[in-house]
2 protein chains.
Amino acid sequence: MAFEKQVILKNNCFLQVILYQVNMKQEFRCDCPVTSALDVLGDKWMLVIIKQMLIEEKQTFKDFIESDEAISTNILSSKLKCLEHYGLIQRKNHPTNKKTKLYHLTEKGLSLTPTIVELAIWSDQNLREHNPIMRESDELELMKTSKAEFIERLKKGHRENWLE
Amino acid sequence: MAFEKQVILKNNCFLQVILYQVNMKQEFRCDCPVTSALDVLGDKWMLVIIKQMLIEEKQTFKDFIESDEAISTNILSSKLKCLEHYGLIQRKNHPTNKKTKLYHLTEKGLSLTPTIVELAIWSDQNLREHNPIMRESDELELMKTSKAEFIERLKKGHRENWLE
DNA sequence: AATTATTACTTTTGATTCGCAAGCAAATAT
DNA sequence: ATATTTGCTTGCGAATCAAAAGTAATAATT
C-alpha cells in the first residue's frame with residue numbers, strides 16, 4: 001500500500017481511496033553508470049525522440065507522428081511521459097492554440113547532444129554496408145570536422161527556439 | 001522462396017530442401033544515421049554487452065552471465081550473434097579449452113568507445129537522483145577530465161588483451 | 001449556432017522482445 | 001565411468017512495441 005486517503009462524505013459515509021504499489025518494476029539493473037543510462041535510454045524510441053527534437057526541431061505531437069520513423073501514437077504518448085519523468089523534456093501549452101502542446105528538451109536533455117552526435121558519426125562510418133540508403137549530408141561532414149562546435153551550435157539553436 | 005537444393009539419395013530417392021524467406025523484419029526505419037544506429041544498438045542489451053567487454057574485460061559466455069546485470073542465457077546467445085552479424089565482435093576458440101569461446105570487440109565495435117564514455121559521463125551527471133546507488137569511481141573522474149586520452153587508453157587496452 | 005475536423009491522447013488486440021527454467025550435446029574434471 | 005561445465009536451444013510467460021479504433025476538448029468550417 002503506497003497511498004491512503006479517506007474523504008468524508010455526507011450521512012456518515014466516507015470514501016476510502018487506497019493506491020497499492022504492486023509489481024514495481026526494478027528501475028535500474030545495477031550501480032554501473034553506463035548500464036543506468038541504458039536503463040533509461042536503451043530502447044527503440046527514447047533517443048530517437050530526442051534526436052527528432054534536437055536535430056529535426058520537432059516540437060508537437062503531430063510533428064513526431066509525421067516523422068519518417070512513423071511512431072505509433074500510444075508509444076509516443078508513453079515515451080513523452082517517460083522523458084518528462086526523467087527531466088529530459090518539458091511540455092508547455094501553445095501560446096495561441098489550446099489543443100496543441102509544445103515539447104522541448106531541458107538542459108538535461110540537451111546534455112545528451114554529444115551522445116547523439118557520436119551515434120551519428122559512428123553510423124555514418126560503420127553502418128552504410130547494412131543500410132545502403134543512409135543519407136549523406138553536410139551536417140555529417142560538420143559533425144566529423146568540428147564536433148565540439150557543432151554540438152554547441154545544436155544546443156544553442158535549440159535553446160533559441162524555445163520561447164519562454 | 002530463398003534457397004533450394006536437391007540432394008540425390010539412393011534407390012531413386014531425393015531430398016528436397018527449401019528455405020522460405022517470410023516475415024523479414026524491416027531492418028532500418030529510415031535513412032537517418034542516428035535512427036539507423038539505434039535500430040542496431042537501441043535495445044536493453046547491445047551496448048551493455050559492449051561496455052562489459054570494453055570496460056569490465058568480460059570475454060566468455062560465463063563472464064557475461066556472471067556480470068552484475070544478470071542477463072539470461074537465451075538473450076546473451078542471441079545478442080552475441082547479432083553483434084557478430086553487424087561486425088562489432090568476433091569470436092574465437094579458447095587456445096586450450098574447446099568448450100570455452102572467447103568474444104572480443106572488433107575495430108568497428110571499439111569505435112563505439114566514445115559513445116560508451118559519453119553515456120557514462122551523462123549518467124554520472126544526470127541520473128544520480130534517479131539511481132542513488134550509482135557507483136563513483138576514479139575512472140569517471142578520468143573520463144571527465146581527459147576524455148580523449150581515456151578513450152584511446154580503453155581501446156589500446158582492449159586490443160592488447162586480445163591474443164591473436 | 002451547428003457541424004466537421006483536428007489534437008493528443010486512451011483502449012483493445014496482436015506481434016515482437018525479453019526473461020525464466022529446464023533440457024541438451026560436447027567437452028572437461030573427478 | 002560418472003559428474004560437472006559450457007554454450008547454447010526450447011517452451012512458456014511477461015513486458016514492450018505496434019496497429020487500429022475510439023474519445024474529449026478545441027478549432028475550423030458551414
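Remark: C1' of D:dT16 and NZ of A:Lys81 are 16 Å apart, rounded to the nearest angstrom. Remark: P of D:dC8 and CG of B:Leu83 are 13 Å apart, rounded to the nearest angstrom. Taking atom CG of A:Asp43 as the reference point, atom P of C:dT16 lies 18 Å away to the nearest angstrom. Distance, A:Glu69 CD to D:dA19 P: 13 Å, rounded to whole Å. Rounded to an integer number of Å, the gap from B:Ile65 CD1 to D:dT6 C1' is 11 Å. Counting to the nearest Å, the P atom of D:dC8 and the CG atom of B:Leu102 are 12 Å from each other. Between the NZ atom of B:Lys79 and the C1' atom of C:dG19 there is a distance of 12 Å, given to the nearest Å. Residue A:Ile75 contributes atom CD1, which lies 7 Å from atom C1' of D:dT16 at whole-angstrom precision.
One finds no side-chain N or O of B:Arg91 lying less than 4.0 angstrom from the OP1 or OP2 phosphate oxygen of D:dT6. OP1 or OP2 of C:dG19 lies within a sub-4.0 Å distance of a side-chain N or O belonging to B:Trp45. Remark: A:Ser72 is not in phosphate contact with D:dC17, judged by side-chain N or O atoms under 4.0 Å from OP1 or OP2. Taking 4.0 angstrom as the limit, B:Ser77 places a side-chain polar atom (N or O) nearer than this to OP1 or OP2 of D:dT9.
Of the residues in residues 51-62 of chain B, none has a non-hydrogen atom less than 4.0 angstrom from any atom of DNA chain C.
The backbone N or O of A:Leu102 sits nowhere less than 3.5 Å from a side-chain atom of A:Thr60 that would complete a donor-acceptor pair. Judged by distance alone, with hydrogens and angles left aside, the side-chain atoms of A:Arg128 form a donor-acceptor pair with the main-chain N or O of A:Met134 at under 3.5 Å. With hydrogens and angles disregarded, no donor-acceptor distance shorter than 3.5 Å links the side chain of B:His158 to the backbone of B:His104. For the pair A:Thr35 (side chain) and A:Asp31 (backbone), a donor-acceptor distance under 3.5 Å is absent. Between the side chain of B:Thr113 and the backbone N or O of B:Leu110 there is at least one donor-acceptor pair closer than 3.5 Å. Remark: side-chain polar atoms of B:Ser77 are not paired, donor with acceptor, to backbone N or O of B:Asn74 under 3.5 angstrom.
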- Under 4.0 Å protein heavy-atom contacts per nucleotide of nucleotides 20-30 of chain D, with B for base, S for backbone only and - for none: -B---BBS---
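Closest-nucleotide positions on DNA chain D for B:Ser78 and B:Glu66 were compared, and the one nearer the 5' end corresponds to B:Glu66.
Of the candidates D:dC17, C:dG19, D:dT9, the closest approach to any side-chain atom of B:Lys44 belongs to C:dG19.
Aromatic ring orientation, A:Phe28 versus A:Tyr86: perpendicular (interplanar angle above 60°, classes split at 30° and 60°). A perpendicular orientation is assigned to the rings of A:Phe64 and A:Tyr103, their planes being inclined by more than 60° (bins at 30° and 60°).
Of all heavy-atom pairs spanning A:Met46 and A:Leu41, the tightest one is CB-O, 4.0 Å.
Within the nucleic acid shown, B:Tyr103 comes within 4.0 Å of sugar-phosphate atoms alone, with no base atom in reach, counting heavy atoms only.
Electrostatic pairing of A:Glu141 and A:Lys144 counts as a salt bridge here, judged by a charged N lying under 4.0 Å from a carboxylate O.
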